[in-house]
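Take a look at the structure below.
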Amino acid sequence: MWSLRDKYAIAGIGHTNYSSRSGRTVLDLASEACGKALADAGLMAAEIDGFVSYTFNDSVPAMAVATQLGCNATRYVVDLQAGGNAANLVIQTAAMAIEAGLANSVLVYRAMNGRSGFRLGGGREFRAQGITQFTAPFGWITYPQAMAMWCRRHMVKYGTTSEHLGHVAVTCRANAGLNPRAMKRQPITLDDYFASRPIVEPFRLLDICLETDGACAVLVTSAERARDLKQRPVRILGAAYGGGPQQGDDLFDALRWPEHATNYAAYIADELWRSAGVGPQDIDVAEIYDCFTYSVLAQLEGFGFCKPGEGGPFVASGAIARDGSLPVNTHGGLLSEGYIHGLNHVIEAVQQLRGEAGPRQIQGAELALTTAGAMSCGSALVLRN
Amino acid sequence: MENTYLKPLPVPDPDSEPFWQGCKRHRLLLRRCTDCGRLRYPPGPVCAHCGSRAGEWREASGRGRVYSWIVVRHPVPQEVFAAEVPYVVALIELEEGVRLASNLVGCPPEAVAADMPVAVTFEDVSETISLPKFRPA
Ligand SMILES: [Zn+2]
């Protein structure tokens, strides 16, 4: 049970430009984002004593970033081998380190040349060994192929349609049009969605997030310390990580997952809302992990914004648009802003709660949900200003 | 044969070797816990239900139903799967209760449907490897 409600805060954020060809090292990107988060908070490098990062064999270790920035007092480091499931877990981990007295101010980052370097969407290790021996020999290799299997099951069980998926793509793109850092800002229609080429049915190109070069960083410290810093603190109200039974031998593997029309969200929602002391009806803005359009539907259902199976009709009703009852992915999401493995969702939530999201600001936003993950495990945060 | 077969070949390990040896003989073998009787797939070292490491190999009926499926249109990697697309990957729920990932063969992608009954068929792809695939039954 999370007992740290309101004790820890995000005091600084930083990000690089998002592009498909950075022409820079991952170390350069990570250092830029982390340096900007420091400057945003008004902290000196010497005051940072903790780092939490995550990597898919495509990042640089925290010791390298600490060395670049001169964070020479570092005494707590986690370099987590994880995917999007960890994008909110890392913030929780930073808060836990401070609670335990292991650090006072922790930089959390994700950095990658996700398009020009190692392409996560391009397939996994090609040697079919370990758990992969039961999937790859059948040409089941990439994450779009993995997630499409979950999506199809939702379609079979609940009657979810391609048009439902299209609404998620169109909504994210409309939001990205208001976001100068978004990689894809040209508006799209449902017709454009249907015209995009099939990649792995039921997914078309516009169901799939962008491969991105860039980095995001978030500075976590105590709420008390944050009050004395430069920015309006965004407090961590609640957090949860987890998933269902038999999550598999890696993130791709879900051969033993009980029901693919339901994902991790349904399993962690109770703990998340209990930890935060609020419910889905209280959320003003939701940044929902959208590695694929479909994953938004399963999470809307799992976190209780609509009933199981009703994610499709919910998004088709306009509820997730910026003028709807639950504005979702106000920056354009992984689908249209860029894919910094979910940490860019946290940046956007912080900007919304600080009231500094400019033309995409949701007026009066006080409570934000961020989520991370799409399959058998994941994490989520409730943040408040 | 092995030289022209570009798709990934399973690399058997101590946990899976009997499974692949079974496939080579065109028999679909499942790992069965001899303490609680449950079947498991993939054939990992431990029974998740009772924690036992004791087990035996049981031949499955090879009959099942389509639980979910995808149609791969865009080949990845390009050079390996370009000639294969479109192809169907399905999760097959065997009569015995476990699910396998495999290809559906002998069935156009448009004809695949949920709960469609299927049966195993083996494809000899190398000197040592035969893959369990499924066809409409
Ligand atoms: Zn057992």
Side-chain angles (χ1 to χ4, degrees), chain A residues 119-159 196-205 207-208 245-250 252-261 294, chain B residues 5-13 15-17 19-20 23 40-44 48-49 66-78 80-81 84-93 98-105 109-110 112-115 123 125-126 129-134:
Chain A
R119 297 177 66 180
L120 188 54
R124 302 187 298 162
E125 191 183 358
F126 205 59
R127 221 167 129 75
Q129 58 190 356
I131 189 63
T132 314
Q133 69 188 289
F134 304 106
T135 52
F138 307 102
W140 199 31
I141 292 170
T142 70
Y143 282 101
Q145 292 166 0
M147 200 72 227
M149 193 73 85
W150 294 64
C151 180
R152 174 83 71 183
R153 176 66 191 167
H154 199 272
M155 290 172 152
V156 165
K157 188 168 182 192
Y158 295 121
S196 73
R197 69 190 168 97
I199 300 297
V200 46
E201 293 170 20
F203 287 162
R204 296 172 169 78
L205 185 63
D207 286 302
I208 300 171
Q246 297 289 292
Q247 290 173 19
D249 290 6
D250 66 13
F252 185 102
D253 170 30
L255 290 170
R256 290 150 284 190
W257 185 251
E259 170 54 68
H260 290 67
Y294 164 68
Chain B
Y5 188 82
L6 296 175
K7 291 186 277 183
L9 284 169
V11 180
D13 57 37
D15 294 334
S16 68
E17 186 121 38
F19 173 80
W20 292 115
C23 288
R40 64 179 182 266
Y41 184 91
H49 298 284
V66 172
Y67 171 79
S68 189
W69 77 100
I70 60 173
V71 183
V72 178
R73 298 276 175 186
H74 175 71
V76 182
Q78 179 82 31
V80 176
F81 288 97
E84 301 286 324
V85 292
Y87 63 90
V88 175
V89 184
L91 288 179
I92 306 297
E93 192 152 291
V98 300
R99 282 186 211 128
L100 281 67
S102 184
N103 298 122
L104 270 189
V105 296
E110 313 76 60
V112 183
D115 291 328
E123 196 176 305
V125 296
S126 79
I129 295 293
S130 298
L131 294 176
K133 301 206 168 179
F134 288 81

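Chain A is the first sequence line, chain B the second, and so forth, proteins listed ahead of strands; every chain is numbered from 1. Side-chain atoms are counted along with the backbone in the values below, which use heavy atoms only and exclude waters and symmetry mates.
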Residue, of B:Asp13, B:Leu131, B:Leu91, that accumulates the most heavy atom pairs under 4.5 Å with chain A | B:Leu91

Any side-chain heavy atom of [X] sitting closer than 4.5 Å to one from [Y]?
X: A:Phe138; Y: B:Leu100; answer: no
X: B:Pro42; Y: A:Ile131; answer: yes
X: A:Arg152; Y: B:Val71; answer: yes
X: B:Ile70; Y: A:Phe203; answer: no
X: A:Gln133; Y: B:Ser16; answer: yes

Counting only heavy atoms closer than 4.5 Å, note whether [X] contacts chain A via side chain, backbone, both or neither.
X: B:Val88; result: neither
X: B:Ala113; result: neither
X: B:Pro86; result: neither
X: B:Tyr67; result: both

Mind listing the closest non-hydrogen atom pair of [X] and [Y] along with its distance?
X: B:Tyr87; Y: A:Gln145; value: OH-NE2, 4.0 Å
X: A:Ala128; Y: B:Pro8; value: CB-CB, 4.0 Å
X: B:Ala114; Y: A:Val156; value: CB-CG1, 3.5 Å

Hey, could you give me the OG/NE2 distance between B:Ser68 and A:His154, rounded to the nearest 0.5 Å?
-> 11.5 Å

Could you give the distance from CD (A:Gln246) to NE2 (B:His49), rounded to the nearest 0.5 Å?
-> 6.5 Å

Assert top hit (heavy-atom pairs under 4.5 Å, partner chain B, pool A:Ala261, A:Cys151, A:Pro258) equals A:Pro258

Looking at A:Arg256, A:Arg197, A:His260, which has the largest count of heavy-atom pairs under 4.5 Å with chain B?
-> A:His260

Give the ring-plane orientation class for B:Tyr41 versus A:Phe134, where under 30° counts as parallel, over 60° as perpendicular and anything between as tilted.
-> perpendicular

